[in-house]
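Each remark here refers to the structure printed beneath this line.
Given the structure is predicted, the values throughout are model-derived calculations rather than measurements.
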Amino acid sequence: MINFNEIEAKWQKKWEEDGIYKFDPKSKKEKYYCLEMFSYPSGAKLHMGHWYNYGVTDTFARFKRMTGYNLFHPMGFDAFGLPAENYAIKTGIHPAISTNQNIDTMEGQLKRIGATWDWDYEVKTCNPDYYKWTQWTFLQLYKHGLAYKKDAPVNFCPKCQTVLANEQVIGGECERCGSTVIRKNMDQWFFKITDYAEELLQGLDDLDWPERTKSLQRNWIGKSKGAYVDFQVDGTDKKFTVFTTRCDTLFGATYCVLAPEHELVDQITSKKQKKAVEEYKIAASKQSEIERTSTTKEKTGVWTGAYAINPVNDKKIPIWISDYVLSTYGTGAIMAVPAHDERDYDFAKKFDLEIIQVLEGGDISKEAYVEDGTHINSGFLDGMNKEDAIAKMCEFLEEKKIGKATTTYKLRDWLVSRQRYWGAPIPIIYCDKCGMVPVPEEDLPVTLPMDAEFTPDGESPLKKCESFMKCKCPKCGGDARREADTLDTFVCSSWYFLRYPDANNSKKAFDSKIINKMLPVDKYVGGVEHACMHLIYARFYAKAFRDMGFLNFDEPFKSLVHQGLILGPDGEKMSKSKGNTVAPDPLVEEFGSDVLRGYLMFGFNYVEGGPWTDDGIVSINKFYRKVERLVESMTEDTTRIPEIDKVLHNSIKCIRNDIEKFQFNTSMSKIMEYSNALVKYEEKGIPRYYIEQLLLILAPFAPHITEELWAHIGNEYSIHNQDYPDYDESVLVESEKEIAVQVNGKLRGTVMIHVDDSEDVIKEKAMKNENVAKNIDGKEVVKVIIIKDKIVNIVVK
RNA sequence: GCAUGUGUGGCGGAAUGGUAGACGCGGAGGACUCAAAAUCCUCAGUAGGUAACUAUGUAUGGGUUCAAGUCCCUUCACAUGCACCA
């Protein structure tokens, strides 16, 4: 019996020495860029999720390799970030040291998977030779007006002591530590991702991505078509603009609401209302985001004492402020149509404001009518449906120059400043004379100092590091200060897939000629949790750098797959606190890497995942032992066995088809079917050809075992350089076939038919079947449906 | 509330509108063995029947079709995301 661990170590060493998986840029074969999301070296250990992601995807990569592609399959580390820094704060070990230690351990563990990664192209984002180019990408965005600094209300996590991107705030809480995020005004760097909102949305349609992920991104981008409408404040020359998706209901607008933060509030508030308004504003600002946006909360608000003029009927309508209007969406001001909007209805009822019905239907004395209906009480819109009324109203507004059709997005610009140490410094210099000056490209990288004090206190750690902060202005040469914030780690990971194919280029971030040939990534595999962060940022980067002329493509990931989640044996998410984690390492020790990989492929639907079972892995072990036994029964007989040929070719056909769909479980089951067919001939001995085919079809699934057995039967190294078996359709054509016979759609029997049988013959055979005859006896045959090779359905009355 | 996805044996999970439950785990029976392990063979959705077979069955209720796990509509449950988004 083979000792799986021994042979795995042996072959891994040999593969590495021979460099058999090294990418050949000069190859004539078509490239295939297979990429897993790179790993974050926070914990020192690889977990089951890594194995599931990397081990299984490697089988796919190997299959591509054996089917004639020039495989490019790199791996690297997303090495900057908070966890490493927090770990450092706790232990006192410098993040540079702990991160590199973690990377070393993880590399060792990754290598035990026996994957086809080409480590020559490895990328570590915390190395200066990488973040130099991250900084370069920042400068390009800056140069093209896509990076800007702004004093703005931002999400601040009091525990992590840093600002967060919108994408990192989950339900008002910090994505990392769960603290309640507070809002704070700070001077921050942003990337103008909103410039690409429409393109990011449109581009989704053509991507081979899971529907769920596309829907998450669509949702996040949050396109909404509507109109701006200007309202004059009565008795003044001031006006404000509202955003509405239903400008057709303007005749039903009986009041307006401004967000408490709206700039006009102070200017229009009457003396009498001043105190109430001030108090309300203070109360609103004290609330956390969660309290403020709770849907169950009762409506609150205060009248400003001012009136606006409804532009369609010149009616005076009161202007209120309320926290149910958000300053961050639309214009921070709304027109309220209480008859047809639930929120406005609640508000109007509470404060006894007028309600005018402008759409037919419902009973507005009880609740808001939010369905569609014919317009009433709406002047020139009366009798129209929604679409016509919206069009007509937009026309009216534009003609009168008091509004226009527009589109808004929920997507905000990407906030990239972080008041943390372990990240790429932002390459900007502040000079008293010249102002804000970008670091010249030739001065990159702006090196992260190793001796900074990084205990967080709300200030950027780098600010306290004089040796870092002090510099000369690149323009005038005078004394200047550096930007003390670092870049969000998502910036580092927004372009790493562009670096890989040209990873060792010391002159440029990447050579466009190479990148344009090697990208887009053909298959990208990773967790769904990145749907609205990494995956949207990376798309933005590709589009921005296309517009700068660096790239000739704009969608970095043509085809995307999310692996499911491997749960604990109890069906719950694995977690240390629940004590239900299953670590891969001991399993590799016990069964070997091929067996673990095998179970991960066979035991789950890849995109769904599911609970771990120990029995499952044992079954794969059993299966590979069976393969070993079959190999032992090999003979040099050269005869062919038609019965086995049929199973073999069918299996190959199914596997080739299923692997493309990431259906490793069914692929494995087809290999099992084939080996079951061989078992029948085990005692007589199995001809060499069938054993070789077995090893070849299994090779991407169990790379070490098949390599060993391939050598064992005296074949030339390496099995992984062989072509993957193909099938012959003609072998699959059967002269005789059993098909089902139904009577009125119910199965009543089966009959053997011959390929040459005419429909009449098939019909006759079907009718003659004993049980079928019994079921149609005494009834009138209305119709006989014959689907060749599949089924006969006899319809009787 | 909105969006997306999921719902199939004891379990993991299969099924281009065409014989539901492939493959595997677990289970029962048998072969080999002094015995066990390993291995091999057979059985198995559920109910009834010795059996042939019959009924029933893919969350729910309806529909389209000669034929529905699959397509359409209703309801329910679970998961994920967004959420006072005007």
Presence of donor-acceptor pair under 3.5 Å, side chain of A:K299 and base of B:rC84: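 Check passes, donor-acceptor contact within cut-off.
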Donor-acceptor pair present, A:N793 side chain and B:rC66 base, under 3.5 Å: yes
Using a cut-off of strictly less than 4.0 Å, decide whether [X] has a side-chain nitrogen or oxygen near OP1 or OP2 of [N].
{"X": "A:N775", "N": "B:rU54", "result": "yes"}
{"X": "A:K746", "N": "B:rU56", "result": "yes"}
{"X": "A:Y324", "N": "B:rA86", "result": "no"}
{"X": "A:N219", "N": "B:rA83", "result": "no"}
{"X": "A:K622", "N": "B:rC25", "result": "yes"}
{"X": "A:N676", "N": "B:rG24", "result": "yes"}
{"X": "A:R343", "N": "B:rG1", "result": "no"}

Contact list (N/O, under 3.5 angstrom) for nucleotides 9-12 of chain B vs protein:
| residue | atom | partner | partner atom | Å |
| --- | --- | --- | --- | --- |
| B:rG12 | O2' | A:G603 | O | 2.3 |

Nucleotide nearest [X] when distance is taken to its side chain, options [options]:
{"X": "A:N605", "options": "B:rA14, B:rG81, B:rA86", "value": "B:rA14"}
{"X": "A:S215", "options": "B:rA3, B:rU19, B:rC85", "value": "B:rA3"}
{"X": "A:V325", "options": "B:rU19, B:rA55, B:rA86", "value": "B:rA86"}
{"X": "A:D615", "options": "B:rG26, B:rA22, B:rU54", "value": "B:rG26"}
{"X": "A:S619", "options": "B:rC85, B:rG24, B:rU19", "value": "B:rG24"}
{"X": "A:V679", "options": "B:rC40, B:rA86, B:rU54", "value": "B:rC40"}
{"X": "A:I785", "options": "B:rA86, B:rA55, B:rC66", "value": "B:rC66"}

Secondary structure string for RNA chain B (Watson-Crick or G-U under 3.5 angstrom, | for other-strand pairs): (((((((..(((.....[....))).(((((.......))))).((((....))))..(.(((..]....))).))))))))....
At under 4.0 Å between heavy atoms, what does [X] touch on the DNA or RNA strands: base, sugar-phosphate, or nothing?
{"X": "A:K626", "answer": "sugar-phosphate"}
{"X": "A:E608", "answer": "nothing"}
{"X": "A:N771", "answer": "sugar-phosphate"}

Approximate separation, where rounding is to 0.5 Å, of A:L567 CG and A:N580 CG: 8.5 Å
Spacing of CZ belonging to A:F251 relative to CG belonging to A:L359, to within rounding of 0.5 Å: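 One gets 12.5 Å once the value is rounded to the nearest 0.5 Å.
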Nearest-angstrom distance, P atom, B:rG62 to B:rA14: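 Per the computed distance, 29 Å lies between those P atoms.
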